[in-house]
Every structure is written in C-alpha cells, then in structure tokens.
Amino acid sequence: MSVVKHIQAAVNISLTKIFNQPFTEKDYQINQIKEDFKGDYSIVLFSLLKKTGLSPKELGDKLVDYLKRDYQNLFSGFELIKGFLNVEINDVFWLEILPAASNENFGSQQPSGRKSMVEYASPNTNKPLHLGHLRNIFLGWSVAEILKANGNEVFKTCIVNDRGIHICKSMIAWLRFGGGETPQSSGIKGDHLVGKYYVKFNEIYKAQIADLEQGGMSTPEAEKEAPIMLEAQQMLLDWETGKPDIIELWKKMNGWVYAGFDETYKQTGSDFDKTYYESETYLLGKEIVQMGLDKGVFYKKQDGSVWIDLTAEGLDEKLVLRKDGTSVYITQDIGLALQKYQQFGIDENIYVIGDEQNYHMKVLKLICQKLNIPNADNIFHLSYGMVELPSGKMKSREGTVVDADDMISEMISTAEKHTTALGKTAGFNEEELKALFHTLGLGAMKFYLLRVDPKKRMIFNPEESIDFHGFTGPFIQYTHARIKSIIRKAGEIPPLASCTQPLLPQEKTLAITIEQFPVVVQQSAAELNPSFLANYIYQLAKQFNSFYTDLSVLNAESEEKKILRLHFSVITAQVLKKGLNLLGISAPERM
RNA sequence: GGUCCGGUAGCUCAGCUGGAUAGAGCAUCAGCCUUCUAAGCUGAGGGUCAUUGGUUCGAAUCCAAUCCGGAUCACCA
C-alpha cells in the first residue's frame, strides 16, 4: 500500500469519525508538497469546507487533533497554511519501504491473467525504415514491456504490408533498370536497395508525365497514362492472378527487404512473437462481411458494394467490400482482429499506428463492436504524432527523410566520440567498447523519442542532433553507472539496521520518489504512455545526483548512515535500471 | 466545410482527473574536480500558459467562442 493510500485511509476514517458521515478520497486531494514548504504531502481542505461547514482553520485543527492522536506512527509533523494541511511522514515509514523496494520485482505486479497484443512497426516493403518508424518501434516495444511488468501476458506482433502497388513500383523499376543488381552484388542492404528502385520508379514516372504533358496531355491524364505506371498496375494484376515469374520476383525482392529489416530490428533490440503478412491476410474478413450482412450491420448497395452506416456515431458511411467483391484495407483489418482473438485469446488488442489513421481506427473499433467480435471494446489505438523536422515534414521527394539505419549508426558514432573524449574507458576491451557505444547511442535515441507524450507530434533537429547531457538517456545511464561504481567499491553490504539519526532531506527525497515507482509503472500501462516512466526515472536520477554530490556514501558520517545510503544506492540503481529496461534501454555497469 | 488533435521560456518538452510562487533540459552567464566517475552539481537571467469571455473560494488545467498549426473525411493502404 502506497503512502498516499495510507494518508487517505487515515484522513477518511478521521473525517468520518469527526462528522459522523462517510468521507472518501474523492472528497479532497492529496498533493506532493512543493519544495519551499515543509512536509512531504499536502491535504487540500478547500473542497471539504462546504460539506463540513467549517473554515479551513477550524477543519484543519480538528483533523490534526485526530490524526495526531490516532496515527502517530504515520505522521511526524503537521503544518496548516491557509487551506493546506501539510503533513510530514514519519521516518520509520520511509525506512520500512526500503526492504520492499529492494526486491527485484519492485514495480511489477502479480500476474493479472490478462492477455494483451501489441501490434507495432508494421512497415511497407518498398522502402527502408525511417525515424517515424523508430518512434513506432520504440513505443510498441516499450508498451509491451510495461504491460508485462503489470502482469499481463503480452504478444508482440507486426503486420507487414508486403503487397500492393507500392512494391510493384519497385519491382518494375528494378526489372527495367536494375541490371540484375542484388544486395550481394552491390553491397547495399536489401531494404535500401529496393527503396532505391522505388525512388527510381518515381523519377521515371515523373519524366514520363512531363513528356506526355509536352505532347499536350492534361496532368491527371498523363498521370494515368504514363507507361511505367501502366506496367506497375499490370504487374499488380499479374501478382493477384499468381503469375509465376512475378510471384518469384516479388518473393525475391521482399526477401531482400526482410533481411534488411531484420538487421535494423536487431540493432534496435526489438522483436516480434508473431508476424502477419498482408499477402496472407488481405482476403480475410470477407466471410465476416457476409455475417455482418446477415445480421444487418452492413448493407448492400445496388451495384453490389457493401457498406456500413456510421452516421449515427458522427462518422460517415464506410465501404467494407468493393462492388467487384474484393476487400479493402478495413476488411482485412476486421478479419485480422478476429483472427488475433481466435489464435491468441487476447483480452486487449493494441495498435501502435500514427495519428493519421485515427479515423480509420475509430471506424475499425466501431465495426468490430457492432459485429460482436470478442473484446472489441478493448481495441486501443496507441496513436502517435509524426516526427517532423524543423523545416516541416520529412519528404522523400526532397530527400529530407531521416533514415533509421543512418540515424542509428550516427548515434553510435556520436556516443563513441563523446566517450572517447572523456577518456574514462580504461580497462574496456574492444568488444566491451563496441557494446558500450551501442548501448549509449541507442539509449540516447530511444529516450529522446520516448520522453515525449506519444500523441504529440515532435520535432527532431538533425543539426543539433540528440544530446548526451541533461534530460537524456545517457544522463540516466551515467547515474546508474556511477552508483554501480560505489557498490563495487563497497563490497559486501550489511543488512539495513535500525536508524537512529533522522533522514536528511536528500535521503528523504529519494525515499519519496522511489516509493512512487510502482504507481508510475501502473500509470504508464493504463495510459499506454512510456513518457511517464521516462520523466520519472529522469527525476529520480537527478535527485540521486544531488544526493551523490551533497552526501558521501562510502565515507558517511557514521556506519549507520553508510549502510542506509548504500541501500538507497542499490535501490536507486535497481529502479533506474528497471525503468530504463522498460523503455528498451540498457543500463551499463560502467561508462 | 464536418470531425479529431495540438498552441506553455529563444529552442525542445513536463505540468492538464482544477489548488500554494507555472517546471525541466538545451542555449546564455557565474561558480564547484587533493574526497564515491564533472556525461555531474549549485546559482542567475528568461513566461500576456494563443486570444476573449464564462464556471469557481481558486483556472495553464474545466466550458464556450475566436485565431493559428496539423490530421482526416478514397471502391488507396
């Protein structure tokens, strides 16, 4: 039970006794106290004045009488300022937290029996991953870990968009202009190679449009008639009819892309329990449409197309099956939603997808609910904002897309530069150094992308790049490494004895923050928002650094304090490490 | 145009289930390494919380309107 809950219980019971009517924590608020005031937590009395008919002073005095009398173990001090009853928590209470916090499961919950699926990454196979994908991947991975910490069984999944006109564009360009180039022959990573031909396609396409316009054709007409586009469309038809040489080419080029993606995933430390391919799922959902028709959820227009009317929900009419009977994007999503449930028995189904699909996801959920797909109420869209450049959106046409692989290697070499400049890595062998640079580079990048509220779009400045000081991953990693250094020097750490000297402010601050860790983990899970955790571990690291500067651990003023501070150190390191890990970031022992 | 999201320091972001004097980092300036790793610590300057009105004892936070920015409203995915 958290400190706040203890305070609430004490206040509820006292108020109920005093006024002879029930009170709950909903009747008032408890805040952590601001720095300049004395005490640890503040009970805000204003909202109680009406119900009790007393002035802040009268109510405060009365409440203090009861709390003082009945809860002397919990409270060690009171101060009433205006309508704020500031309470100080007994040192004993904070000390009691330490053993529980030392447990390596601190912050995690008991198994909940809930099964969650987190779908993330979900790339197209026509070009390499970019910075936006990284935000997606880091979010998805982290949320999955956070849900695990909350006791859920989690399945990470990825739906690969491996079919459609976009991949045909790369294919046709490669066929016409590739000269048999392969990743092996060119030394280019597979996804980049395929991306190169996607770009090539667009160049040719643009040139052909210009030519046609020269010949007097209108722009829309030219866009339709450009030979290379016609070829790509023909190829899509051939793919759909299963023409062997097209299928073979498609498999070959997608294979290159997968090998490339796998390498990137490996670099980022992400993985999936189950990968779905659209080429295998795009036909799903047709039966469901029939079922929906029977139920009257959908209706058929005269031309044979099938629709759902969502105008009552404030949305539009939405097509779910074309007049020629083929499925559209949402059809397969409905099918896949059901399949996910059937295969994994999931209680909740989370989609990490950019906010440009907010509408689509709203529609998807509504349709699933209307069709009574099990647990459709627990379809959640973890919607995140675009990553933009100071100049605006990333545009592939203008070559301003920040490539994921470039970004990663740049971060790693920046980490190397910083580390080398500081010259603290005596005793590292080459392999350890390499691992360290990777840990720090990725840590900086992940933290940078995860510390921001997912739903907000964020601006990435390539010029200033990602920092290693201040509110960053390496700052926290550094704090962790410094603590570990102390612990190594301390040797065997004696168990916590009784503490006779009062807690110093720097010690108490740590205790208060550490105590909140499980609540933060729960909150991050409930809101599907890792940024809470990022902010939290930053705050803890900062507080520890002050503690570290102001107080000595190994040369503490007494043996008792030394042991106490060692325990604080061990626990802080553990919480920092666990917090970082939940963000997908490793905590180095030395740096 | 309809719907949805956002607007907080020069820049990037917290705070938004209403509470005390709106906080961090970066950048700028001034200090701190004979003592556990200075990727650190301490301090200073920097704000019309987009605007206006409303609700309230109390509003950055809730409501309404307006302005600005973005997304979306395909027989694309």
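On a predicted model such as this, the values are computed, not experimentally measured, just so you know. Residue numbering restarts at 1 for every chain, and letters A, B, ... go by the order of the sequence lines. Any value given below was found using the heavy atoms of this structure, including those in side chains, with hydrogens, waters and symmetry copies removed.
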Salt-bridge contact A:E557-A:K562 (side-chain N to carboxylate O under 4.0 Å): no
Spacing between A:F547 atom CZ and B:G40 atom P, to the nearest angstrom: 19 Å
Closest nucleotide among B:A77, B:A14, B:U42 to the A:V452 side chain: B:A14
Among B:U37, B:C73, B:G19, the nucleotide that comes nearest once only the side chain of A:D316 is considered: B:C73
P-based separation of B:C62 from B:A14 [nearest Å]: 15 Å
Distance, P atom - from B:U17 to B:G47, rounded to whole angstrom: 27 Å
Polar side chain donor-acceptor pair, A:T125 to A:N254, under 3.5 angstrom: yes
Sugar-phosphate, base or nothing in reach of A:Y384, heavy atoms under 4.0 Å: nothing
Rounded distance (Å) that lies between atom C1' of B:C36 and atom NZ of A:K562: 11 Å
Touch class at under 4.0 angstrom, heavy-atom based, for A:L321 against every strand present: nothing
Distance in angstrom units between A:I353 CD1 and B:A77 P, rounded: 15 Å
Side-chain N or O of A:K456 closer than 4.0 Å to phosphate OP1/OP2 of B:A14: yes
Sugar-phosphate only, base, or nothing, as touched by A:N358 at under 4.0 Å among non-hydrogen atoms: nothing
Atom-pair distance (NZ on A:K484; C1' on B:C36), nearest Å: 15 Å
Phosphate OP1/OP2 of B:A38: any A:R482 side-chain N/O under 4.0 Å: yes
Length of the line joining A:E317:CD and B:G2:P, which is rounded to integer Å: 20 Å
Same-atom distance (C1') from B:C49 to B:U61, integer angstrom: 10 Å
5' priority, RNA chain B, between A:T549 and A:K50 [closest heavy atom]: A:T549
Sugar-phosphate only, base, or nothing, as touched by A:Y359 at under 4.0 Å among non-hydrogen atoms: sugar-phosphate
Sugar-phosphate only, base, or nothing, as touched by A:L422 at under 4.0 Å among non-hydrogen atoms: base
Under 3.5 Å side-chain donor-acceptor pair for A:Y198 and A:N124: no
Closest-nucleotide 5' rank along RNA chain B - winner of A:L551 and A:Q523: A:Q523
Proximity to the side chain of A:E278 - top-ranked nucleotide from B:U3, B:C41, B:A77: B:A77
B:C29 and B:C13, which share atom name C1', separated by this distance in whole Å: 23 Å
Pairwise C1' distance, B:U8 and B:A24 [rounded to whole Å]: 13 Å
Sugar-phosphate, base or nothing in reach of A:A490, heavy atoms under 4.0 Å: nothing
For atom CD of A:E527 and atom P of B:G15, their distance in whole Å: 10 Å
B:A60 versus B:U21 - spacing of their C1' atoms, nearest Å: 15 Å
Sugar-phosphate only, base, or nothing, as touched by A:S569 at under 4.0 Å among non-hydrogen atoms: nothing
Syn or anti for B:C33 (syn when the glycosidic angle lies within 90° of 0): syn
Integer-rounded Å distance: B:C5 P and A:M458 CE: 21 Å
Pair A:Y538 + A:F475: ring centers closer than 6.0 Å: yes
What protein N or O atoms touch nucleotides 20-28 of chain B N or O atoms at under 3.5 angstrom, if any, and at what distances?
{"from": "B:A20", "atom 1": "N6", "to": "A:S42", "atom 2": "OG", "distance (Å)": "2.7"}
{"from": "B:A20", "atom 1": "N6", "to": "A:N86", "atom 2": "OD1", "distance (Å)": "2.9"}
{"from": "B:A20", "atom 1": "N1", "to": "A:N86", "atom 2": "OD1", "distance (Å)": "3.3"}
{"from": "B:A20", "atom 1": "N1", "to": "A:N86", "atom 2": "ND2", "distance (Å)": "3.2"}
{"from": "B:U21", "atom 1": "N3", "to": "A:D36", "atom 2": "OD2", "distance (Å)": "3.3"}
{"from": "B:A24", "atom 1": "O2'", "to": "A:Y538", "atom 2": "OH", "distance (Å)": "3.0"}
{"from": "B:G25", "atom 1": "O2'", "to": "A:F471", "atom 2": "N", "distance (Å)": "3.4"}

Distance in angstrom units between A:Q539 CD and B:C41 C1', rounded: 17 Å
Sugar-phosphate only, base, or nothing, as touched by A:S546 at under 4.0 Å among non-hydrogen atoms: sugar-phosphate
Side-chain donor/acceptor of A:D303 to base of B:C75, under 3.5 Å: yes
Partner residues of A:T472 under the side-chain hydrogen bond (donor to acceptor under 3.5 Å, both in side chains) criterion, sequence neighbours left out: none
Out of B:U72, B:U37, B:C75, whichever nucleotide has its closest atom nearest the side chain of A:E356: B:U72
Sugar-phosphate only, base, or nothing, as touched by A:F475 at under 4.0 Å among non-hydrogen atoms: sugar-phosphate
side-chain contact (heavy atoms from CB on, under 4.5 Å) between A:Y299 and A:D309, intermediate numbers included: CA-CA 8 Å; A:Y299 64 93; A:D309 183 1; 3.9 Å; yes
A:F46 side chain, from C-beta outward: closest of B:C57, B:C75, B:U72: B:C57
Test: A:E527 and A:K455 ion pair at under 4.0 Å: no
Rounded distance in Å between the C1' positions of B:U66 and B:A20: 32 Å
A:T414 (side chain) donor-acceptor with A:E410 (main chain) under 3.5 angstrom: yes
Residue A:L319, side-chain atoms from C-beta onward, closest of B:C75, B:C36, B:A14: B:C75
Nucleotide nearest A:V553 (side chain, heavy atoms from C-beta), chosen from B:A14, B:U37, B:C36: B:C36
A:R482 side, atom CZ; A:N545 side, atom CG - distance, nearest 0.5 Å: 4.5 Å
A:Y277-A:Y258 aromatic ring centre distance below 6.0 Å: yes
